[in-house]
Chemist: 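Before anything else, here's the structure in question.
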Amino acid sequence: SYVLAIGGLEPRKGIDQLVAAMPGIDVPLLIVGPASDDADLAAAIAAAGLEPDRVRALGTLTDADLAVAVDRAAVFAYPNLEEGFGMPVLEAFALGTPVVHSDAPALLELAVDAGVVVERGDDAGYAERLAAGINSVLTDPALAERLAYSGSDRAKAFSWRSSAEKVW
């Protein structure tokens with residue numbers, strides 16, 4: 001059981017806040033993107049007071065490996081503070097993986113009610129709110145199942161056929 005996230009430590013990605021949330025979460029965090037020797041990630045892990053094995057950087061994955069990682073995650077976390085569309089959220093929905101995401105407007109529009117929304121608000125409380133959102137999915141199997149189904153249904157609204165029909 002693990003939480004999966006995608007992105008580097010650039011401020012708009014919110015990964016630093018997700019790492020800071022990990023002391024309140026009982027499963028490891030796997031991050032796709034940063035290399036395992038990323039000094040900024042190591043510093044964020046140390047600042048959160050975590051053992052190095054609680055947060056693992058996977059580097060860049062092939063599409064097939066990424067699909068397996070997302071599919072097997074207990075929760076896909078997308079803490080982005082700013083977002084244009086949120087393709088990784090849509091991919092997690094398509095695989096039936098429960099999603100916890102920020103309240104960035106593009107993500108709210110994309111997800112509707114298919115994910116757990118975490119208010120960005122002040123930086124001081126964002127990590128705690130992320131931990132609460134992730135824990136709500138990890139500790140409530142009924143919620144996780146509902147999110148898996150609603151996310152899968154939401155992903156169907158973004159099929160090529162649906163897009164073509166809307167354009168037509």
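Just so you know, these numbers use all the heavy atoms, side chains as well, and skip hydrogens, waters and symmetry mates.
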Chemist: Is there a side-chain contact between Asp65 and Thr62 in this structure, where contact means two heavy atoms from C-beta onward sitting under 4.5 Å apart?
Modeler: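 In short, these two side chains touch, coming nearer than 4.5 Å.
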Chemist: Where do Ala48 and Pro23 come nearest, in terms of heavy atoms and distance?
Modeler: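 Closest approach of Ala48 to Pro23, heavy atoms only: O-CG, 3.4 Å.
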Chemist: Would a hydrophobic clustering, with Ile, Leu, Val, Met, Phe, Trp and Tyr connected at side-chain separations under 4.5 Å, put Val68 with Leu30?
Modeler: no
Chemist: With distance as the sole test, does Tyr2 use its side chain to make a donor-acceptor pair with the main-chain N or O of Ala69 at under 3.5 Å?
Modeler: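 A pair under 3.5 Å: yes.
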Chemist: Taking the side chain as every heavy atom from C-beta outward, state whether Val32 and Leu4 have any atom pair closer than 4.5 Å.
Modeler: yes
Chemist: Under a 4.5 Å cut-off applied to non-hydrogen side-chain atoms, are Pro79 and Val118 in contact?
Modeler: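 In short, these two side chains do not touch, never coming nearer than 4.5 Å.
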Chemist: Do the non-hydrogen side-chain atoms of Leu143 and Ser136 ever get within less than 4.5 Å of each other?
Modeler: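 The answer is yes; the side chains approach within 4.5 Å.
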Chemist: Check the hydrophobic clustering (I, L, V, M, F, W, Y; side-chain heavy atoms under 4.5 Å; chains of links allowed) and say if Leu90 and Val112 are grouped together.
Modeler: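 Different clusters.
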Chemist: Using atom types as modelled and distance alone, determine if a side-chain donor or acceptor of Arg129 lies under 3.5 Å from a backbone N or O of Arg120.
Modeler: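 Confirmed, Arg129 side chain pairs with Arg120 backbone.
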Chemist: Give a yes or no on this: more than 12 heavy atoms of other residues, nucleotides or ligands lie within 6.0 Å of atom CG of Asp53.
Modeler: yes
Chemist: Would Val117 end up clustered with Leu81 when hydrophobic side chains under 4.5 Å apart are linked, directly or stepwise?
Modeler: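 As far as the 4.5 Å side-chain criterion goes, Leu81 and Val117 are not connected within one cluster.
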Chemist: Testing Lys13, Glu83, His101 one by one against Tyr78 for a side chain to side chain donor-acceptor pair (under 3.5 Å), which residue passes?
Modeler: Glu83
Chemist: So which heavy atom on Thr97 is nearest to which on Val75, and how close?
Modeler: CG2-C, 4.3 Å
Chemist: Please check if atom CG in Asp113 has more than 12 non-hydrogen atoms from other residues, nucleotides or ligands closer than 6.0 Å.
Modeler: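 No, the 6.0 Å shell around CG holds no more than 12 heavy atoms from other groups.
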Chemist: Counting only heavy atoms from other residues, nucleotides and ligands, does the tally under 6.0 Å from CD of Glu51 exceed 12?
Modeler: no
Chemist: At what distance, to the nearest 0.5 angstrom, does CG of Asp26 lie from CG of Leu138?
Modeler: 8.5 Å
Chemist: Kindly indicate, with the supporting measurements, whether the criterion side-chain contact (heavy atoms from CB on, under 4.5 Å) is fulfilled by Leu50 and Leu29.
Modeler: CA-CA 11 Å; Leu50 295 168; Leu29 170 63; over 6 Å; no
Chemist: Report yes if some heavy atom in the side chain of Ser152 is under 4.5 Å from a heavy atom in the side chain of Phe93; otherwise report no.
Modeler: no
Chemist: Nearest 0.5 Å, please: how far is OG in Ser102 from CD in Gln17?
Modeler: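 Here the rounded value is 11.5 Å.
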Chemist: Please round to the nearest 0.5 Å and tell me the distance separating atom CD of Glu82 and atom CG of Leu107.
Modeler: 11.0 Å
Chemist: Nearest 0.5 Å please: distance from the CZ atom of Arg154 over to the CG atom of Leu147.
Modeler: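 Interatomic distance, Arg154 CZ to Leu147 CG, rounded to 0.5 Å: 14.0 Å.
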Chemist: Minimum heavy-atom separation for Ile45 and Pro52, please, with both atom names.
Modeler: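 Closest approach of Ile45 to Pro52, heavy atoms only: CG2-CA, 4.1 Å.
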Chemist: Take atom CZ of Phe158 as the centre, draw a 6.0 Å sphere, and report whether it contains more than 12 heavy atoms from other residues, nucleotides or ligands.
Modeler: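 Atom CZ in Phe158 is crowded, with more than 12 foreign heavy atoms closer than 6.0 Å.
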Chemist: For a quick test of reading the model, state the closest non-hydrogen atom pair linking Ala21 to Ala131 and the distance between them.
Modeler: O-CB, 3.7 Å
Chemist: Roughly how far apart are Ile15 CD1 and Asp38 CG, rounded to 0.5 Å?
Modeler: 11.5 Å
Chemist: Can a side-chain donor-acceptor contact be found between Glu119 and Tyr126 if the only test is distance below 3.5 angstrom?
Modeler: no
Chemist: Do Val116 and Phe76 belong to the same hydrophobic cluster, where Ile, Leu, Val, Met, Phe, Trp and Tyr are linked whenever their side-chain heavy atoms lie under 4.5 Å apart, directly or via other members?
Modeler: no
Chemist: Looking at every heavy atom in both Val3 and Ala77, which two are closest together, and how far apart are they?
Modeler: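 Looking at all heavy atoms of both residues, the shortest contact is CG1-CB, 3.8 Å.
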Chemist: Between Val137 and Pro98, which heavy-atom pair has the shortest distance, and what is it?
Modeler: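 In terms of heavy atoms, the two residues are closest at CG1-CB, 3.7 Å.
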Chemist: Measure from the side-chain N and O atoms of Arg54 to the backbone N and O of Met22, and report whether any donor-acceptor pair falls under 3.5 Å.
Modeler: yes
Chemist: Picking from Val19, Leu18, Leu58, what satisfies side-chain contact (heavy atoms from CB on, under 4.5 Å) with Ile31?
Modeler: Val19
Chemist: Is the closest side-chain heavy-atom distance between Val27 and Ile25 below 4.5 Å?
Modeler: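 Touching, per the 4.5 Å side-chain cut-off.
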Chemist: Any chance you could measure Arg72, atom CZ, to Leu95, atom CG, to the nearest 0.5 Å?
Modeler: 11.5 Å
Chemist: Between Asn80 and Gly14, is there a donor-acceptor pair closer than 3.5 Å when you use the side chain of the first and the backbone of the second?
Modeler: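 Here the side-chain-to-backbone pair does not exist.
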Chemist: Return yes when atom CG of Asp103 has more than 12 non-hydrogen atoms of other residues, nucleotides or ligands closer than 6.0 Å, and no otherwise.
Modeler: yes
